[in-house]
Amino acid sequence: MAGFDKVVSSYEEAMAGLTDNMTVVAGGFGLCGIPENLIAEIKRKGTKGLTLVSNNCGVDDFGLGILLPDRQIKKIIASYVGENAEFERQMMAGELDVELTPQGTLAEKMRAGGAGIPAFFTATGYGTPVAEGKEERQFKGRDYILEESIVGDFAIVKAWKADRYGNLVFRKTARNFNPMAATAGKVTVVEVEEIVEPGELDPDQIHTAGIYVDRLILGNFEKRIEQRTVRKA
Amino acid sequence: MAGFDKVVSSYEEAMAGLTDNMTVVAGGFGLCGIPENLIAEIKRKGTKGLTLVSNNCGVDDFGLGILLPDRQIKKIIASYVGENAEFERQMMAGELDVELTPQGTLAEKMRAGGAGIPAFFTATGYGTPVAEGKEERQFKGRDYILEESIVGDFAIVKAWKADRYGNLVFRKTARNFNPMAATAGKVTVVEVEEIVEPGELDPDQIHTAGIYVDRLILGNFEKRIEQRTVRKA
Amino acid sequence: MALSREQIAQRVAQELQDGYYVNLGIGIPTLVANYIPEGMEVMLQSENGLLGMGQFPTEDELDADLINAGKQTVTMATGASIFDSAESFAMIRGGHVDLTVLGAFEVDVNGNIASYMIPGKLIKGMGGAMDLVAGADNIIVTMTHASKHGVSKLLSNCTLPLTGKGCIKKVLTDLAFIEIKDGKFHLLERAPGISVDEIVKLTEGELVVTGDIPEMKL
Amino acid sequence: MALSREQIAQRVAQELQDGYYVNLGIGIPTLVANYIPEGMEVMLQSENGLLGMGQFPTEDELDADLINAGKQTVTMATGASIFDSAESFAMIRGGHVDLTVLGAFEVDVNGNIASYMIPGKLIKGMGGAMDLVAGADNIIVTMTHASKHGVSKLLSNCTLPLTGKGCIKKVLTDLAFIEIKDGKFHLLERAPGISVDEIVKLTEGELVVTGDIPEMKL
């Protein structure tokens, strides 16, 4: 299959071209729906000086947290960064630059980046530390701040199913930031649990169109659960 | 069923509360995916002085065009308004105020209205008549203009299927502006071809969540085709 | 006696209405789900992309792909829908959620709220809290009225970095139900057995007490 | 001889590459789909919300819910996807479409394009054209080089209201293939049998002619 076939056969190939000091936009919320094998490949490559854009930074030994011990992350743009001792140490020691961004603003910055919108106004963060250095303006008597969009050199994404053209379907709350991340990378790399032939996915039910996807790889996933809460049957 | 049941049984009830001089945001592209019976109900009610926000204005005897003979429309915000003789007459006579808006900007204005974003920058329209009176600004060396969002008093929407909670599924290109319109009405009214019970739609495959929908009605649709193009089998 | 966490949740639950879409923050707000009045339907929004959050899963139902904003495994209620984070916050920022309940460190008479950061201590981030307070019209803040050392959390001016400015109108503490308007706290109800004097003593910001203040009914 | 509409489309099709996502405007651009080189895969974006537009339907396939941006009934190609208008223009505005082909009334040496409005005549609107020219890096404008009365459409300055400013780099007319850079037109190719002189005569804006100008191969 030529043309639109996005499938690559190795993680090395999937992350080829990622070099030091690049910006990487990542999908996932906590450990749910994270591109765990693409992250592991970044660790293996040893790429350094990265700016990461992700809602969270994983835990000590899983997710983006595994990039901390070798100091691969220079800066992270995230909304919530608890649950990680090494992260805390590096941040307190000033070794890691953390730009805290409200979760909705972060999602919208990724979407805007992918959609060619350089900046938008939002009420979120007005009058708070988030507003520092940002333009403030009233519309219809309400106060807003101006937020700029984000585009990464790479976007790393976890989807559930894809066809070979890179049309993606996500599953349950593993969707989260993944569809926006997919639009916001100059190179977008996606790992999935299942790859089907073009035409097998219902066109009405595709969450992310293949036009955003540059490379696609079939992975095996641990899918670690961060807060295992159950009730008796 | 209490609480989240959005189903109403008459078109009169569906459009109750619509009064003169209100703003109505409508889904549809050409005659595809238009809320044809909700439009017919507005004609029946005889509501006047309306501002309509819709990509097009129908044709002489179908779609929003049927609101023209009784002069129900004061102003229309649209991207393309051909194919309608009475429209042309009213516009040329200065009886109808037409605000031409690029199609992508129009879609984004509706989305932003529903998403609590009062304004955004876009390159679309920079240096053209659309930019007149709008703020211009450079980001990373490129020129953009500031566009404000739209919220309507009512939004009228056509979906394919819904559950009683107002969770919506659209079909093929009849989706178009409908999902954005659904978010951009203070009161959102949706007509559909089929209503199912809550739980029957796959939560992963719902296009518009019921939270946006105030009223839901089961309709019969003519679905007129504007440009019938076929090939030999 | 001061309200327990469960009792705070119970009182908040009385503010629910049939057909409400509600976002419950982590901690006490989460407990509100246990006190939804019988016969009333409420749909819970979880900002990681789920409308219609159900109860915790059984071992058999456990699914790593289905969590709430607190990263706990959950299930979906009948009629639930799933969406991405941009859409989730479009819903929140656009004011489509009927009621938001969340915790705080401090609130003040101008409706300011501080809830995400204590300078000098570890900074974990605001998550979705800034979006929630900026987007919702109808917010209830749940918190203890004062610290263990008797330092009021209802202030003339918040001392901690703000989560949102001028956005809080209702506060339910372990001692009182308070409305914020015109730059003042207004005492609406007191916890059973708690006197107005006790509340006044533990409220640093200006507190208006008009007429007899009823006890909460739980 | 001046190119026919079909020949213009044929020459544009030579600019396609395997794996390109392409948006074809109404008119001549639509005809490009008929000349996609064999063995090459190209996916057509229709801005009303379809990526992977197929051919016209048979009577049996006819579906009122499936149209293109020209409001014609169409089908879907294998691997197509459907999305809403905001998403469709996110795709376009975000620069994700590889090639856009559209018609125009005028272009000028600064890459300005006028294509949607003739003052005094009926104003139908810009549809998606302003978004397409602002969002795409790679645009080919197809048009006749001059009016029937010999008035050039390749100008020093557009006279009609603009659709976009400084966004056009390639123009294919019935007489020539022209690149726009550094505030000038540059003649790349001429239609078979058309002389450089004829093109110069019908080009009002400054036209750079460097060396021998090859004839187009069709």
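Here the structure is a predicted model, which means the values were calculated and not measured. In what follows, every chain begins at residue 1, and chains take the letters A, B, ... in the order their sequences are listed.
B:Glu88 has no carboxylate O lying under 4.0 Å from a charged side-chain N of D:Lys124, or vice versa, which leaves the two without a salt bridge.
Two residues are said to be in side-chain contact when any heavy atoms from C-beta on lie closer than 4.5 Å; D:Glu87 and B:Met180 fail this criterion. The shortest distance between side-chain heavy atoms of B:Gln103 and D:Met126 does not fall below 4.5 Å. Residues D:Tyr116 and B:Pro129 have side chains in contact (heavy-atom distance under 4.5 Å, counting atoms from C-beta outward). Side-chain contact between D:Arg93 and B:Thr105 is absent, with no heavy-atom pair separated by less than 4.5 Å.
For D:Lys184, the NZ atom counts as loosely surrounded, since its 6.0 Å shell holds 12 or fewer non-hydrogen atoms of other residues, nucleotides or ligands. Applying the 6.0 Å contact sphere to CG of D:Asn34 captures more than 12 heavy atoms from other residues, nucleotides or ligands. Counting non-hydrogen atoms of neighbouring residues, nucleotides and ligands closer than 6.0 angstrom, the NZ atom of D:Lys169 reaches no more than 12 such neighbours.
Rounding to the nearest 0.5 Å places CZ of D:Phe83 at 12.0 Å from NE2 of B:His207. To the nearest 0.5 Å, the span separating NZ on D:Lys71 from CD on B:Glu226 amounts to 4.5 Å. With values rounded to the nearest 0.5 angstrom, B:Ile225 atom CD1 is found 7.5 Å from D:Asp63 atom CG. Interatomic distance, NZ of D:Lys165 versus CG of B:Asp143, reported as 7.5 Å (0.5 Å rounding). One distance of note links OG of D:Ser88 with CZ of B:Phe29; it measures 9.0 Å at 0.5 Å rounding.
Each of D:Ala134, D:Gly127, D:Ala90, D:Ala69 has some count of heavy-atom pairs under 4.5 Å with chain B, and the biggest count is that of D:Gly127. The choice from D:Gly128, D:Gly49, D:Gly164 that makes the most heavy-atom pairs within less than 4.5 Å of chain B is D:Gly128. Contact count against chain D (heavy-atom pairs under 4.5 Å) is highest for B:Arg171 among B:Glu108, B:Arg171, B:Arg142, B:Arg111.
Neither the backbone nor the side chain of D:Asp60 comes within contact range of chain B, judged by heavy atoms closer than 4.5 Å. Only the backbone of B:Lys232 comes within contact range of chain D, judged by heavy atoms closer than 4.5 Å. Contact of D:Glu47 with chain B is made through backbone and side chain together, with heavy-atom distances under 4.5 Å. In this structure, the portion of D:Thr163 lying under 4.5 Å from any heavy atom of chain B is its backbone and not its side chain. In this structure, the portion of B:Asn56 lying under 4.5 Å from any heavy atom of chain D is its side chain and not its backbone.
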For this session: Kindly determine whether D:Leu62 and B:Val230 satisfy side-chain contact (heavy atoms from CB on, under 4.5 Å), including the steps that lead there.
Result: CA-CA 7 Å; D:Leu62 195 73; B:Val230 291; 3.6 Å; yes
Exercise. What's the verdict on side-chain hydrogen bond (donor to acceptor under 3.5 Å, both in side chains) for D:Asp131 and B:Thr124, showing C-alpha distance, side-chain angles and the deciding distance?
Worked result: CA-CA 5 Å; D:Asp131 307 278; B:Thr124 301; 3.3 Å; yes
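Between the B:Arg231 side chain and the D:Pro57 main chain, no donor and acceptor come within less than 3.5 Å of each other.
For the side chain to side chain contact (heavy atoms under 4.5 Å, CB included) with B:Thr173, the lone residue among D:Asp65, D:Ile67, D:Asp84 that qualifies is D:Ile67.
The shortest heavy-atom contact between D:Ala64 and B:Cys32 is O-SG, 3.5 Å. Nearest heavy-atom pair across B:Met92 and D:Gly120 is CE-O, 4.3 Å. Closest approach of B:Arg175 to D:Ile82, counting heavy atoms only: NH2-O, 3.5 Å. Minimum heavy-atom separation, D:Gly125 to B:Tyr80: O-CD1, 3.6 Å. When all heavy atoms of D:Met130 and B:Pro102 are compared, the pair lying nearest together is SD-CG, 3.7 Å.
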